[in-house]
Amino acid sequence: MELFFQSVINSFIQGGFFALWAVGLVLVFGVMGVVNFAHGELVMVGAYTVWVLHSQYGIGYIPALCIAVLLVMFIGLLMERFLFRPKQGDPLGGLINSIGVLFILQVAALVVGGTGPAKQVAPPFPGTLIIQEFLRIPNQRLFSIAVAVAALLLLWFFLTKTKLGWSLRAVALDREAAALQGININRTSMIAIGVSGALAGLAGALMAPISNIYPTMGHNVIITAFIVTIVGGIGSLSGAVLAAVLYAFLHTFVTAYFSGTIATMCGLLIMVLVLIVKPTGIMGQKVSE
Amino acid sequence: MALLEIKNVSKRFGGLAALSNVSFAVEQGEIRGLIGPNGAGKSTMFKNIAGFSQPSEGEIVFSGQTISGYRPHTIADLGIVRTFQETTLFQELTVFENALVGCHLQANTNIFSAVLGLDKHKQSRARDKALEVLEFMGLSQRIDQLASELPLGSQRSLAIAIALTSGPKLMLMDEPFAGMNPEETRQMMELTRKVNKSGVTIVLVEHDMKAVMGLCEYITVLNFGTLLTEGTPEEIRHNEAVIEAYLGGSRKH
Amino acid sequence: MSKVQLSQIAGIVAMLVGLMVLPNYLKYHHQDFLIFLTINILVVVSYRLMTLTGEWSLIHIVMMGVGAYTSALLSKNLGFPVWISMPMAGVGAGLIAALLCFPLFRMTQFYFLIGSFAVGEAIRLAWIFFVKPFGGSSGVSSIPPPELFAIDFMDPIPYFYLVLAVVTVCLVILYRIENSRIGLTLHAVHWKSSLSESVGVNTWKYRSLAFIVASVFVGIAGALKVHYLGNVTPHQFGVGTMVFVLIWVIVGGYNTFFGPVLGAIVLSILDESLRDLEEYRPAIYGALLIAAIMFMPKGLESVPPSIRAWFKAPATPPPG
């Protein structure tokens, strides 16, 4: 019973992270048509930034988090300007470029952190919230999920209630029509990848105190983000969030009761199944004939 | 018995009916015109016959065999070949290679024969066939040129040559005259007749009325996904309903 | 015509003879390097067959693993002679590929890329999860080398000759496939799928065929690798390794048969000369990849003709 309740709590927290990872990937794919394979590495850079600033230089956790968000956003902007923009209309080229960035960022992490065991950041919010004897949530996780949900709500507000958000969605829907209506595609792409990078940096910074930090930690991030994106429907943000929570439940429970390997395998197989049966995903639009 | 029979075919996309309950038949040896205003369902009908999409209801019968539901390559194997709107060619291959791809059904080989060279006879026969068809279509001077380098008229001829090399009984031609000047149209009409005389039944979707009236002995008219009327060019030209459909269509635009 | 062919054959024979003499003058770890490079050439050339259909898969290296595990388990656990388990590696990889065609080729393009990645990862996780017979994360070790008379195949030189012979035969077969009717049809399927269908090409069958044949040959490459290394782990066939294959093919260029070979050779030699940089090497690879995509999108193979064209330019007027 205890395992069950604990797993439910963990599922929600995991779901928050999964959604943060996936939403950035979806945004960039939707607006720019690029599959950013380095997205996991952007998350990793966020985590490393917090480790360096907070654990090594003693800067406060919250300022470190903010710097992580800005730094990753800046890396994203550089990628857009110098790697993706020149390869507009060549999805393979953009994808390969992002793989190149993936390698460079991994080595950069190695240079900064050196080899050796995975890094850890002492939780800045220690202590545990005990609701019942069998139901305890570490404060650090509580903080993470609260920030993650807040960030997602903010994104939702930005996309649906602001003019810039509308132009992003217009470009995602129909690039050419949006361009004809005078929407600046390059600027929209910058915003998309800026937001995507900020979310990745935030996810990494939030993960830093509660998980291991190592150069290839992005691998797990990108696989999960792919599963969530495909199952949720490529280009659908609400689908991604829904799929993130569902997959988090599946993953947490299968991990708790069987093994983590089986959990990831299930996710991959569900993704393949979705690709075969309904490639537009559970929330994706029907493609007209 | 008719070569091609369309029996009560309907095709719906979501709630929209692109074709509803259409029936007609094409006899062996004909050049049949299939006309109608934009959105009448001509292209949908072609796609259904060639297997690129399946009718929601009804049946398509070719030489006495029901073919609706078959995949395009199976239908090609039975003897129906389609050409495409706009010019669809292998732009980066030579004229000869284009025709050679068309010979697929004769030259189709398995991987072991291909590696060991056991299919030499088959391949040389396919090459002969490709050359023969290119000659027939008046392209033998251009066999080594890239398809992308050909003028429009020759590209259209090549598209038909690719279709012909597959050895069809029935050819579905989708707007072969679109964008052509009068001289090119005249030459293409001659070629179409020539292909027909060689024993290939033709169904033609075309907006160029002069070409359709000049080529076809019998014309089928679709409007809003239904069969409007059928008849000789003379009858169609004076049919009130057809005139209304075209004028109504143009008034709306 | 025959003159050109003669000179080509002479060139290839000279190259083979050179390759046969070469290892005798190399240091031990360079001999190692030569063996892996030769195997990798088979990996990229078989991958090219797949790319001829226009589909980029991320499962190729996992199929290499399927071959490696097949041969390793057959020879170690079931006592098959390596001479039998090696071809069986190709058969095994081919069979798995044939099964995978049903889900995979319902997708195309981006969906296929991601789908092939997912299926490949799932297979890799199966190797990790099923400790029996795959040995989990640590894989299978003490895999026997081939045996023939008194030849010691633990020694790199005889093993290199074996690899060279097998890879040469495989390359000849792959070359013949590409230049046969089947190669033309694969090209047609890639560029105008619906036009090909309309003249009777079963595009599904041809995509599957390319995938299965590519898997057979990469499976054999996997067996060649595993009987030299003596062990096999799931880690060897991860997406990281697949990315290297992609880099070789893209930097080399995938428009001709020899582009990927060129890419594999040049980058492997470069990689070898950067050995001192150890774990920092991937960054250089990453930078190279980006440079290749940005400045040389047609790959290394596009360089020699353009140099040739540059030299010839004053003499010959442009065609047409």
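Quantities reported herein were computed from a predicted structural model and do not represent experimental measurements. Naming: A, B, ... by sequence-line order, numbering from 1 per chain.
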| note | Among B:Thr74, B:Asp77, B:Thr109, the residue with the most heavy-atom pairs under 4.5 Å to chain C is B:Thr109
| Where does C:Thr185 contact chain B at under 4.5 Å (heavy atoms): side chain, backbone, both or neither? | side chain
| message | Which atoms of B:Asn98 are under 4.5 Å from chain C, going by heavy atoms: the side chain, the backbone, both sets, or neither? | response | neither
| Should the heavy atoms of other residues, nucleotides or ligands under 6.0 Å from CD of B:Gln141 be counted, would the total exceed 12? | no
| query | Between atom CD1 of B:Ile162 and atom OG of C:Ser196, what is the distance when rounded to the nearest 0.5 Å? | reply | 9.5 Å
| task | Find the one option among B:Leu116, B:Thr88, B:Asp119, B:Ile75 whose heavy-atom pairs under 4.5 Å with chain C are most numerous. | result | B:Thr88
| query | Does atom CE of C:Met88 have more than 12 heavy-atom neighbours from other groups under 6.0 Å away? | reply | no
| request: Can you measure from CD (B:Gln123) to CG (C:Leu184) and round to the nearest 0.5 angstrom? | output: 9.0 Å
| Residue among B:Ile80, B:Val81, B:Leu100 with most heavy-atom pairs under 4.5 Å to chain C | B:Leu100
| Can you say whether C:Leu174 sits under 4.5 Å from chain B via the side chain, the backbone, both, or neither, judging by heavy atoms? | neither
| request: May I ask you to check whether C:His187 and B:Glu97 show a side-chain donor-acceptor distance below 3.5 Å? | output: no
| More than 12 heavy atoms of other residues, nucleotides or ligands under 6.0 Å from CH2 of C:Trp204: is that the case? | yes
| query | Do B:Leu105 and C:Val199 come close enough that some side-chain heavy atom pair is under 4.5 Å? | reply | no
| message | Looking only at heavy atoms and a cut-off of under 4.5 Å, which of C:Asn179, C:Ile182, C:Ile173, C:Val201 has the most pairs with chain B? | response | C:Val201
| task | May I ask you to check whether over 12 heavy atoms, not counting those of B:Phe62, lie within 6.0 Å of atom CZ? | result | yes
| request: Look at the side chain of C:Lys192 and the backbone N and O of B:Phe90, then say whether any donor-acceptor pair between them is shorter than 3.5 Å. | output: no
| request: Report yes or no: does C:Arg181 contribute a side-chain atom to a donor-acceptor pair with the main-chain N or O of B:Lys122 at less than 3.5 Å? | output: no
| request: To the nearest 0.5 Å, tell me how far B:Arg82 CZ sits from C:Leu195 CG. | output: 9.5 Å
| said: Surrounding CZ of B:Phe96 (heavy atoms of other residues, nucleotides or ligands, distance under 6.0 Å), is the total greater than 12? | reply: yes
| request: Go through the atoms of B:Ala107 and report whether side chain, backbone, both or neither lie under 4.5 Å from a heavy atom of chain C. | output: both
| Heavy-atom count around B:Glu149 CD within 6.0 Å, excluding the residue itself: above 12? | yes
| request: Please round to the nearest 0.5 Å and tell me the distance separating atom OG of C:Ser198 and atom CZ of B:Phe52. | output: 5.0 Å
| message | Are C:Val172 and B:Val115 packed together at the side-chain level, in the sense that at least one heavy-atom pair is separated by less than 4.5 angstrom? | response | no
| Between CZ of C:Arg176 and CD1 of B:Ile111, what distance do you get to the nearest 0.5 Å? | 12.0 Å
| message | Need one label for B:Leu78: side chain, backbone, both or neither, based on atoms under 4.5 Å from any heavy atom in chain C. | response | neither
| field | Heavy-atom check, side chain of C:Tyr206 versus side chain of B:His73, under 4.5 Å | value | no
